[in-house]
S.K.: 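Next up is a structure, given as structure tokens.
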Amino acid sequence: MRFSQLLGKTLRQVSAEADTPSHQLMLRAGLIYQVAAGIYSYLPTGWRALRKVESVIREEMDRAGGQELMMPVLQPCELWDQSGRRRPFGQTLFTLKDRRERVLCLGPTHEEVVTDIVAHQVKSYRDLPLYLYQIQVKFRDEPRPRGGLLRVREFHMKDMYSFHTDEASLDEGYWTVARAYERIFSRLGLSTLMVEADSGAIGGKASHEFMALGEAGEDEVVRCEQCNYAANMEKAESRKTPGEKGEPLPVEEVSTPGKKSIDEVAGFLGLTPRHTLKAIFYIADGKLVFVLIRGDQEVNEVKLKNLLRCAELRLSGDEEIRAAGLVPGFASPAGIKGVTIVADHSITSGANFVAGANKPDTHLKNVNYPRDFQVEKMADIARARPGEGCPKCGHPLTIARGIEVGHIFKLGTFLSEKMGASFLDKAGASRPIIMGCYGIGVGRLLAAVIELTHDDRGIIWPASIAPYQVYLCALMMEKADVLATAEKVYNELQAEGLEVLFDDRQESPGVKFNDADLLGMPLRVTVSPRTLEKGSAEVKLRQQKETRLLPLDGLASQVKQILTVA
RNA sequence: CGGGGCGUAGCGCAGUUGGCAGCGCGCUUGGUUCGGGACCAAGAGGUCGGCAGUUCAAGUCUGCCCGCCCCGACCA
């Protein structure tokens, strides 16, 4: 490709609004162009990179036994009513009506469609296991698109679905795909960690996410370096510092004027937060919930949401707390009625806690569960924190950051039962098909590669997905010998089967070198009067500083050699 | 949806008390340069997000609307 003809100019400046490194670089390098919030066009170079990511994925999915197919974007909403997932997806589902007022949606994922196909096409255990996948555009009306391609409303996803006769087969498939995912990410030069995850709106029992590790990541991962326990913060468990034991003492009222927060109250009474109970109020599907946790802990809202089985969860305002007859800042779980109380296990570790008295400027000392109050539900709803013990081995946990580039789920049978996907086993009995599903966000993966491997000069593509392998840079093209040599090198490199971006623009050396670094192709070849004097061309790898001269004679095959080694 | 911010040339931005719409980059033409974002000269390019209002006069003041970004709840 000749740079002079390429759509997608490099930009020196981009809006201050784009503050994520990958977003800035993709805009500056002319890879993408924004159409609307969370909706982007891929310009030619960006599209090449995306297609390369797809082909790496495709190779590994095929190797894992996948059969590629293509399902429609447009789906009848009836399928979603049938699966019961229309509500959990809620506003995220883009819906529309056709001319006959039939309600359709733009597929946010394809479990319904694929299960419907399998329900009709697969009847026997002989047809299983079955692995189907596609690379397709998905639509999700995300409340907040973010960070360029990191979270968008229209995106390419590789989605695979597996169908099994029994749990053992599902388990085998699950780990086969997991290993394929690890190969994909490592082929793109990413260091990823497979972590336990919450299964969210997709549903199902077990699930893991693949996190591309790096400071720029927006997800938190909790991990143990001793036993390799790793989980998304949403899901992570931990062994908390135990509370102090003690014989329950009589409850005592104590005046705490103006002391509302845990730190204020604990400090005022000469205690640590661990000796207090924290009351937090949420509105779960419109209903007030009193959440109680030990003062040194924080609520994990995903765990809470799962415990309450609600679709919508938010913190409540003070007015809503007062309306329930409680005093914000001094609310007490003791002696109240008509409010659902749920608690974290941590309140049972320790004794004689300080809690609110449900009176202004007053707290209670020596509050003990279950002597002084009851709760409706008790579970682990606490955030894991660094330094706390690993749930498996007790070693101190650490927290890392990462970008979620893949997510796999063991769905089990809940969808196949609802969608009528069953098979006849050897004994002739009809049983629901056991399912798994596996997703990779292709565009996000592309952005993650840039996000995690760029330097201050620009993108650094791994050879596996670089839009072009070689950036051919011709300096002083007005000189006939430079022009002729550059054209010859361009042809020879292509004849070797290399993909070449030929910078044939009338630009100064600085501009070309800077654009070469920005665009980040693995290898730069420079032809100039200076190199021609020595009958050579200069070669430089993007990720290295050093340059070297290679003779023009046999240049193309040497370049190919360097690229296969690097 | 809650909080914060921004919409002015293709891109990045300035525009004071309301008084001729500007700067840098990019683009076009000509010339000089040439190994890390060169220089000179001459040009082209605008519904100041939209609608309404106040005013002799609105980019600037008021109201409503739309769009975009960032922080939260959500996710590949």
Side-chain angles (χ1 to χ4, degrees), chain A residues 9-20 23 27-28 30 33-39 57 88-92 108-109 135-160 181 197-202 207 209-212 218-219 232 234 282-284 301-302 304-305 310-315 317 403-409 437-448 457-458 473-479 482 506-518 524 526-531 538 540 545 547:
Chain A
K9 281 193 196 314
T10 55
L11 305 173
R12 295 195 184 186
Q13 299 166 299
V14 290
S15 167
E17 286 183 337
D19 62 352
T20 310
H23 187 194
L27 290 172
R28 285 220 293 135
Y33 185 80
Q34 183 170 23
V35 175
I39 304 176
I57 294 172
F89 267 84
Q91 298 258 80
T92 306
T109 177
I135 298 175
Q136 231 260 24
V137 68
K138 305 286 189 247
F139 296 83
R140 295 186 189 178
D141 197 357
E142 292 289 338
R144 187 156 92 83
R146 184 190 305 183
L149 250 38
L150 286 177
R151 183 188 305 165
V152 290
R153 298 193 293 167
E154 172 176 338
F155 60 101
H156 291 79
M157 180 158 94
K158 185 288 303 173
D159 42 324
M160 177 181 256
Y181 273 28
D198 182 69
S199 55
I202 301 286
S207 126
E209 288 167 341
F210 290 81
M211 293 290 185
E218 50 172 13
D219 283 285
N232 188 310
E234 296 175 352
Y282 284 91
I283 304 292
E301 295 187 358
V302 174
L304 177 61
K305 199 171 168 182
C310 62
E312 201 191 329
L313 184 72
R314 63 172 172 87
L315 281 169
I403 299 169
E404 182 193 345
V405 289
H407 199 160
I408 61 178
F409 304 79
C437 74
Y438 318 88
I440 290 177
V442 186
R444 178 184 286 180
L445 182 53
L446 184 71
R457 307 198 62 84
C473 201
L475 304 183
M476 301 213 21
M477 298 232 324
E478 303 75 15
K479 304 219 179 215
V482 172
Q506 302 286 333
E507 290 288 354
S508 67
V511 170
K512 293 192 174 189
F513 288 150
N514 277 296
D515 278 345
D517 289 341
L518 173 60
R524 186 183 81 193
T526 306
V527 173
S528 73
R530 195 187 284 186
T531 68
E538 178 195 88
K540 176 184 174 296
K545 268 205 160 79
T547 62

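Numbered from 1 within each chain, the chains take letters A, B, ... in sequence-line order. These numbers come from a predicted model, not from an experiment.
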S.K.: What integer number of Å spans the C1' atoms of C51(B) and C23(B)?
M.R.: 31 Å
S.K.: On RNA chain B, nearest-nucleotide positions of Arg151(A) versus Thr531(A): which is more 5'?
M.R.: Thr531(A)
S.K.: Relative to the 5' end of RNA chain B, which residue comes earlier, Val442(A) or Asp517(A), by the nucleotide with the nearest heavy atom?
M.R.: Asp517(A)
S.K.: Measure the distance from CD on Glu507(A) to P on C25(B) and round it to the nearest whole Å.
M.R.: 14 Å
S.K.: Looking at every strand, decide which applies to Arg28(A) at a 4.0 Å heavy-atom threshold: base, sugar-phosphate, or nothing.
M.R.: base
S.K.: Gly510(A) near the nucleic acid: base, sugar-phosphate alone, or nothing, with a heavy-atom cut-off under 4.0 Å?
M.R.: sugar-phosphate
S.K.: Applying a 4.0 Å non-hydrogen cut-off, can you work out what Pro108(A) is touching in the nucleic acid: base, sugar-phosphate, or nothing?
M.R.: nothing
S.K.: Please give, in whole Å, the distance from G37(B) P to Lys512(A) NZ?
M.R.: 15 Å
S.K.: Between A21(B) and A9(B), how many Å separate the two P atoms, rounded to a whole number?
M.R.: 15 Å
S.K.: Is the distance from OP1 or OP2 of C75(B) to the nearest side-chain N or O of Arg444(A) less than 4.0 Å?
M.R.: no
S.K.: Rounding to an integer number of angstrom, what distance separates U54(B) and G37(B) when you compare their C1' atoms?
M.R.: 49 Å
S.K.: In this structure, which one of Arg444(A), Arg140(A), Gln136(A) forms a side-chain contact (heavy atoms from CB on, under 4.5 Å) with Met157(A)?
M.R.: Arg140(A)
S.K.: Could you please name the option among U33(B), C68(B), C75(B) that lies closest to any side-chain atom of Glu478(A)?
M.R.: U33(B)
S.K.: Val511(A) side chain: which of G37(B), G35(B), C75(B) is closest?
M.R.: G37(B)
S.K.: If a protein heavy atom is under 4.0 Å from the base, mark B; if only from the sugar-phosphate, S; if neither, -; do that for nucleotides 8-15 of chain B going 5' to 3'.
M.R.: ---SSS--
S.K.: When you measure only distances, ignoring hydrogens and angles, does the side chain of Arg144(A) come within 3.5 Å of the base of G4(B) through a donor and an acceptor?
M.R.: no
S.K.: When the C1' atoms of A38(B) and G26(B) are compared, how many Å lie between them, rounded to an integer?
M.R.: 15 Å
S.K.: Please report the distance, rounded to the nearest Å, between CE in Met160(A) and P in A76(B).
M.R.: 17 Å
S.K.: Could you tell me how far apart Lys545(A) (NZ) and G36(B) (C1') are, to the nearest whole angstrom?
M.R.: 13 Å
S.K.: For C51(B), give its Watson-Crick or G-U wobble partner with both distances under 3.5 Å, or none.
M.R.: G63(B)
S.K.: Which nucleotide, if any, forms a Watson-Crick or G-U wobble pair with A21(B), using both distances under 3.5 Å?
M.R.: none
S.K.: Using a heavy-atom cut-off of under 4.0 Å over every strand shown, decide if Gly147(A) touches base, sugar-phosphate, or nothing.
M.R.: sugar-phosphate
S.K.: What is the distance, to the nearest angstrom, from the CG atom on Leu475(A) to the C1' atom on G37(B)?
M.R.: 14 Å
S.K.: Any donor-acceptor pair under 3.5 Å joining the side chain of Arg146(A) to the base of C70(B)?
M.R.: no
S.K.: Find the partner of A9(B): check Watson-Crick (N1-N3 plus N6-O4 or O6-N4) and G-U wobble (N1-O2, O6-N3) distances, both under 3.5 Å, and reply none if neither fits.
M.R.: none
S.K.: Output yes when Asp198(A) and Lys305(A) qualify as a salt bridge under the 4.0 Å nitrogen-oxygen rule, no when they do not.
M.R.: no
S.K.: Any chance you could lay out the side chain to side chain contact (heavy atoms under 4.5 Å, CB included) test for Ser207(A) and His407(A), step after step, and finish with the verdict?
M.R.: CA-CA 7 Å; Ser207(A) 126; His407(A) 199 160; 2.7 Å; yes
S.K.: Do the side chains of Cys437(A) and Asp159(A) get nearer than 4.5 Å, heavy atoms only?
M.R.: no
S.K.: Provide, to the nearest angstrom, the distance between the CD1 atom belonging to Ile39(A) and the P atom belonging to G67(B).
M.R.: 12 Å
S.K.: I want to verify a distance call: between C68(B), G36(B), C34(B), whose nearest atom is closest to the Lys540(A) side chain?
M.R.: G36(B)
S.K.: Hey, does Asn232(A) reach any base, or is it just sugar-phosphate, or nothing, if we go heavy atoms under 4.0 Å?
M.R.: nothing
S.K.: For Arg524(A), what residues pass the salt bridge (charged side-chain N to carboxylate O under 4.0 Å, His left out) criterion, not counting sequence neighbours?
M.R.: Glu538(A)
S.K.: Looking only at the side chain of Asp515(A) (C-beta and beyond, no hydrogens), which of the listed nucleotides C74(B), A76(B), G37(B) gets closest?
M.R.: G37(B)
S.K.: Could you work out the separation of G59(B) and C20(B) based on their C1' atoms and round it to a whole Å?
M.R.: 14 Å
S.K.: Are the side chains of Phe210(A) and Ile408(A) in touch, meaning some heavy atoms are under 4.5 Å apart?
M.R.: yes
S.K.: Suppose we call a contact any N or O donor and acceptor under 3.5 Å apart; does that hold for the side chain of Asp219(A) and the base of C75(B)?
M.R.: yes
S.K.: Does the structure show a Watson-Crick or G-U wobble partner for G43(B), both distances under 3.5 Å? Name it, or say none.
M.R.: C27(B)
S.K.: How far, in whole Å, is C40(B) from C64(B) if one measures between their P atoms?
M.R.: 49 Å
S.K.: Is there a side-chain contact between Val137(A) and Glu154(A) in this structure, where contact means two heavy atoms from C-beta onward sitting under 4.5 Å apart?
M.R.: yes
S.K.: Decide side chain to side chain contact (heavy atoms under 4.5 Å, CB included) for Val511(A) and Arg12(A); before the verdict, give the C-alpha distance in whole Å, the side-chain angles of both, and the deciding distance to 0.1 Å.
M.R.: CA-CA 10 Å; Val511(A) 170; Arg12(A) 295 195 184 186; 4.0 Å; yes
S.K.: Could you check which of A73(B), G37(B), A76(B) has an atom nearest any side-chain atom of Asn514(A)?
M.R.: G37(B)
S.K.: Under 3.5 Å, is there a donor-acceptor pair between the side chain of Tyr438(A) and the main chain of Tyr181(A)?
M.R.: no
S.K.: Ring centres within less than 5.5 Å and planes less than 30° apart: is that true of Phe155(A) and A76(B) in this structure?
M.R.: yes
S.K.: Within the structure shown, what part of the strands sits under 4.0 Å from Leu313(A) by heavy-atom distance: base, sugar-phosphate, or nothing?
M.R.: sugar-phosphate
S.K.: For C1(B), which nucleotide in any strand shown is its Watson-Crick or wobble partner with both distances under 3.5 Å?
M.R.: G72(B)
S.K.: Which base sits across from A58(B) as a Watson-Crick or G-U pair, both distances under 3.5 Å?
M.R.: none
S.K.: Rounding to a whole Å, what distance do you find between Lys479(A):NZ and C34(B):P?
M.R.: 8 Å
S.K.: Any side-chain N or O of Gln506(A) below 4.0 angstrom from OP1/OP2 of U33(B)?
M.R.: no
S.K.: Which listed nucleotide (C68(B), G35(B), C75(B)) is nearest to the side chain of Glu142(A)?
M.R.: C75(B)
S.K.: On a whole-Å scale, what distance lies between the C1' atoms belonging to A58(B) and C69(B)?
M.R.: 27 Å
S.K.: Please give the distance between the P atoms of A57(B) and G18(B) as a whole number of Å.
M.R.: 15 Å
S.K.: In this structure, how many angstroms lie between the C1' atom of C70(B) and the CG atom of Leu150(A), rounded?
M.R.: 14 Å
S.K.: A38(B) phosphate, OP1 or OP2: any side-chain N/O from Ser508(A) under 4.0 angstrom?
M.R.: yes
S.K.: Taking the side chain as every heavy atom from C-beta outward, state whether Lys512(A) and Leu475(A) have any atom pair closer than 4.5 Å.
M.R.: yes
S.K.: Okay, side chain of Glu142(A), backbone of Arg144(A): is any donor-acceptor separation there less than 3.5 Å?
M.R.: no
